[in-house]
Colleague: 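Below you'll find the structure I mean.
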Amino acid sequence: MLIQRPKGTSDILPDQVEKWHYIENVLRQICREYGYDEIRTPIFEHTELFQRGVGETTDIVEKEMYTFRDKAERSITLRPEGTASVCRAYAENKLYANPLPVKLYYLGPMFRYEKPQAGRFRQFNQFGIEVFGSTNPAVDAEVITLAMDFYERLGLNGLEVHLNSVGCPKCRPVHKRKLQEFLQPHLDKFCPNCQGRFERNPLRMLDCKNPTCQELSDGAPTTTQCLCDECEEHFAAVKSYLDAVGVRYFVDERLVRGLDYYTKTAFEIMVEEIGAQSAICGGGRYDGLIEEIGGPATPGIGFALGMERIFAALAVQGIDIPLVTRKDVYIAVLGQAAAVEGFRLQAILRKLNLKVETDYLGRGLKAQLKAADRVRARFAVIIGDDELARGVVVVRQMDSGDQVEIGLIDLEDYLLANS
RNA sequence: GUGGAUGUGGCGAAGUGGUUAACGCACCGGAUUGUGGUUCCGGCAUUCGUGGGUUCGAGACCCAUCAUCCACCCCA
């Protein structure tokens with residue numbers, strides 16, 4: 001039996017990788033413009049980082065982590081998301097010594113032990129940004145703007161920013177209490193899942209997809225109704241900054257986010273029809289997180305977006321990524337002596353930064369030209385015994401079929417002049 | 001973790017119990033000597049995810065198992 005890839009993973013094949021490069025380039029470009037620098041953190045961390053950072057009551061920590069013991073019996077976890085690691089790196093490397101705010105981005109694989117389906121995998125790739133050291137609502141708006149700017153550059157349509165404020169340690173307990181008071185009388189009618197959430201995280205009951213639960217929680221006190229003055233002001237400011245740059249959003253009071261660390265601003269960007277999945281980006285503010293994992297009290301905000309879901313959305317919307325893979329020269333050789341000469345020419349032409357290939361299968365001329373056609377070469381350089389003896393090569397323009405005989409010493413100039 | 005669908009060559013896909021498993025694409029080779037993208041001809045599954053069973057006979061029926069896809073939960 002052939003060994004297959006593990007469930008929920010994928011091989012990104014060469015033609016597909018080209019597309020990844022394209023998207024990664026757009027991301028890197030946009031980060032440069034917005035002033036974000038790349039950070040690379042380990043793909044695995046001490047399990048405790050995620051337990052403390054992501055939150056013990058979250059689905060991620062409760063059931064989705066790839067956790068194992070290493071040879072020294074340390075509990076290690078493959079990162080299920082990026083924010084906790086970046087915060088850890090920020091604190092551990094004392095990046096707060098830099099001028100604030102510190103603006104970072106990352107790109108790489110994440111791991112969650114889930115049952116795969118459309119738009120969901122066990123290993124998937126996220127791009128994310130984090131801003132540390134500012135409570136300014138303008139930063140919240142910048143982060144959201146960056147994401148939307150990016151999607152726009154790819155040509156994606158119909159994206160919706162869903163925006164909410166989940167409050168802070170001051171107003172959250174007030175809301176939690178009011179919420180519990182509201183939900184208590186009907187508690188027995190909620191789904192088992194929600195009943196479990198009642199004590200630990202009643203907020204999560206608000207975004208339960210179960211219709212009955214939705215109905216029961218209809219009219220429940222929302223987070224935005226219970227915000228303290230500071231959070232209220234902050235939320236209003238975020239909205240006005242978004243208005244100022246023309247980023248449209250929907251205030252979604254049921255939006256809670258699955259991770260515990262969020263404070264104040266929480267948002268998701270939705271797109272239609274990636275199977276049952278619709279979130280293509282999620283993020284928010286997490287002013288207590290760095291302190292939670294042992295760093296200095298530092299406000300932060302960021303988001304993560306799913307690379308695979310970008311491709312899914314592009315596919316659904318019929319958007320093609322422009323690919324330009326074309327070989328400049330294919331060297332067709334006939335016979336051993338010509339093969340050596342061709343090999344030599346190949347090396348020389350590559351030093352001119354030309355894309356060059358030659359035959360390694362000992363095929364006939366016909367087959368070699370076919371190969372040249374298939375790699376979409378611009379030129380075929382043909383070398384046989386005759387050419388070899390006379391110190392010339394035949395250069396064929398693949399598009400037109402015109403071909404000329406050229407002296408070996410003139411080949412470089414000819415190709416450069418014509419490519 | 002729960003549920004549904006599917007599993008035939010590199011890919012797509014016929015086959016609804018009876019001798020040699022359609023077809024399309026891709027791939028390889030040929031159509032007078034060393035010339036591609038069109039056309040024509042030829043080649044390409046001792047075998048139908050795997051293991052059992054029913055039957056005179058199974059790719060087709062039954063059971064199990066694995067895998068993939070989709071959905072629930074939740075999210076990227």
Side-chain angles (χ1 to χ4, degrees), chain A residues 1-10 13 54 57-64 79-83 107-128 147 191-194 196-197 201 204 207-211 213 255-259 266-271 274-283 302-313 330 332-335 338 359 361 363-388 393-403:
Chain A
M1 266 296 269
L2 181 69
I3 297 172
Q4 293 177 289
R5 64 179 189 272
K7 188 191 285 285
T9 65
S10 57
L13 303 177
V54 177
T57 67
T58 60
D59 278 3
I60 289 180
V61 171
E62 278 182 349
K63 54 184 198 195
E64 294 174 3
R79 63 181 186 192
E81 57 105 47
T83 299
L107 187 58
M110 305 295 163
F111 305 84
R112 306 221 285 233
Y113 195 93
E114 296 195 84
K115 202 142 181 188
Q117 70 185 73
R120 171 184 298 148
F121 313 95
R122 290 189 172 179
Q123 177 175 338
F124 58 100
N125 288 273
Q126 284 188 334
F127 162 84
C191 71
N193 224 320
C194 279
R197 287 166 177 161
N201 198 345
R204 296 283 305 285
D207 71 343
C208 182
K209 302 292 189 296
N210 185 318
C213 298
L255 176 62
V256 169
R257 309 286 299 130
L259 289 66
F267 68 94
E268 280 181 10
I269 299 174
M270 319 290 258
V271 63
I274 308 177
Q277 267 63 48
S278 56
I280 195 170
C281 174
F303 69 68
L305 61 83
M307 297 291 286
E308 286 81 359
R309 289 190 182 177
I310 292 173
F311 284 107
Y330 187 95
V333 292
L334 295 154
D359 174 67
L361 293 175
R363 289 179 286 203
L365 182 58
K366 185 187 172 77
Q368 291 191 55
L369 281 173
K370 202 170 177 180
D373 190 54
R374 244 199 313 262
V375 299
R376 306 200 315 126
R378 236 199 306 262
F379 302 101
V381 171
I382 302 167
I383 313 171
D385 292 339
D386 181 42
E387 286 79 10
L388 210 52
V393 294
V394 171
V395 178
R396 181 182 178 85
Q397 296 218 5
M398 294 302 286
D399 286 341
S400 63
D402 300 336
Q403 55 185 49

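All values below were derived from every heavy atom in this structure, side-chain atoms included, with hydrogens, water molecules and symmetry-related copies excluded. Throughout, protein chains are lettered first and strands after them, A, B, ... in sequence-line order, and every chain is numbered starting at 1.
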Colleague: With rounding to whole Å, what would you report as the distance between B:G51 and B:G9 at their P atoms?
Modeller: 15 Å

Colleague: Mind calculating the distance between NZ (A:K115) and C1' (B:C70) to the nearest angstrom?
Modeller: 11 Å

Colleague: Is it the case that B:G34 (base atoms only) and A:E387 (side chain only) share a donor and an acceptor within less than 3.5 Å, ignoring hydrogens and angles?
Modeller: yes

Colleague: Which part of the nucleic acid does A:D386 contact within heavy-atom distance under 4.0 Å: base, sugar-phosphate only, or nothing?
Modeller: base

Colleague: Nearest 0.5 Å, what's the CZ-CE distance between A:R376 and A:M398?
Modeller: 11.5 Å

Colleague: A:K7 near the nucleic acid: base, sugar-phosphate alone, or nothing, with a heavy-atom cut-off under 4.0 Å?
Modeller: sugar-phosphate

Colleague: What integer distance in Å separates A:D373:CG from B:G37:P?
Modeller: 7 Å

Colleague: Does any donor-acceptor pair link the side chain of A:Q117 with the base of B:C73 at a separation under 3.5 Å?
Modeller: yes

Colleague: Any non-hydrogen side-chain atom of A:M307 less than 4.5 Å from a side-chain atom of A:L107?
Modeller: yes

Colleague: Assign A:G364 to base, sugar-phosphate, or nothing according to its heavy-atom contacts below 4.0 angstrom with the strands shown.
Modeller: nothing

Colleague: In terms of side-chain heavy atoms of A:R112, which of B:U2, B:C70, B:C75 is nearest?
Modeller: B:C75

Colleague: Mind calculating the distance between CZ (A:F267) and P (B:C75) to the nearest angstrom?
Modeller: 15 Å

Colleague: Can you measure A:L361 atom CG to B:C28 atom C1' for me and round it to whole angstrom units?
Modeller: 11 Å

Colleague: Base, sugar-phosphate, or nothing: which does A:A304 touch, judged by heavy atoms less than 4.0 Å apart?
Modeller: sugar-phosphate

Colleague: Measure the spacing between OH of A:Y113 and CZ of A:R122 and express it to the nearest 0.5 Å.
Modeller: 4.0 Å

Colleague: Measure the shortest side-chain to side-chain distance between A:P109 and A:R79 over non-hydrogen atoms and say whether it is less than 4.5 angstrom.
Modeller: yes

Colleague: State which of B:G36, B:U68, B:G3 makes the closest approach to the side chain of A:K366.
Modeller: B:G36

Colleague: Which part of the nucleic acid, if any, lies within reach of A:E81 when heavy atoms closer than 4.0 Å are counted: base, sugar-phosphate only, or nothing?
Modeller: nothing

Colleague: When we call it a touch if two heavy atoms are under 4.0 Å apart, what does A:Q403 touch: a base, just sugar-phosphate, or nothing?
Modeller: base

Colleague: How many whole angstroms separate atom CG of A:L255 from atom P of B:A76?
Modeller: 10 Å

Colleague: Between C1' on B:A76 and CD on A:Q126, what's the gap in Å once rounded to a whole number?
Modeller: 5 Å

Colleague: Using a 4.0 Å heavy-atom cut-off across all strands, classify A:G128 as base, sugar-phosphate, or nothing.
Modeller: nothing

Colleague: If the C1' atom of B:G1 is compared with that of B:C61, how far apart are they to the nearest Å?
Modeller: 32 Å

Colleague: Could you please name the option among B:C69, B:A67, B:U68 that lies closest to any side-chain atom of A:P116?
Modeller: B:C69

Colleague: Just call it for A:S10: base, sugar-phosphate, or nothing, with non-hydrogen atoms closer than 4.0 Å on any strand.
Modeller: nothing

Colleague: Taking the side chain as every heavy atom from C-beta outward, state whether A:Q368 and A:L361 have any atom pair closer than 4.5 Å.
Modeller: no

Colleague: I'd like to know if A:R120 reaches the base of B:C74 with its side chain such that a donor and an acceptor end up less than 3.5 angstrom apart.
Modeller: yes

Colleague: Heavy atoms under 4.0 Å, any strand shown: does A:I382 hit a base, just sugar-phosphate, or nothing?
Modeller: base

Colleague: Could you tell me how far apart A:F121 (CZ) and B:C70 (C1') are, to the nearest whole angstrom?
Modeller: 12 Å

Colleague: Please confirm whether any donor atom in the side chain of A:R374 sits under 3.5 Å from an acceptor in the base of B:C27, or the reverse.
Modeller: no

Colleague: Tell me if the side-chain of A:R396 makes a donor-acceptor pair with the base of B:G36, cut-off 3.5 Å, by modelled atom types.
Modeller: yes

Colleague: Whole angstrom is fine here: how far is it from CZ in A:R363 over to P in B:C28?
Modeller: 7 Å

Colleague: When you measure only distances, ignoring hydrogens and angles, does the side chain of A:K370 come within 3.5 Å of the base of B:U35 through a donor and an acceptor?
Modeller: no

Colleague: Is the A:F303 ring parallel, tilted or perpendicular to the A:F267 ring (thresholds 30°, 60°)?
Modeller: perpendicular

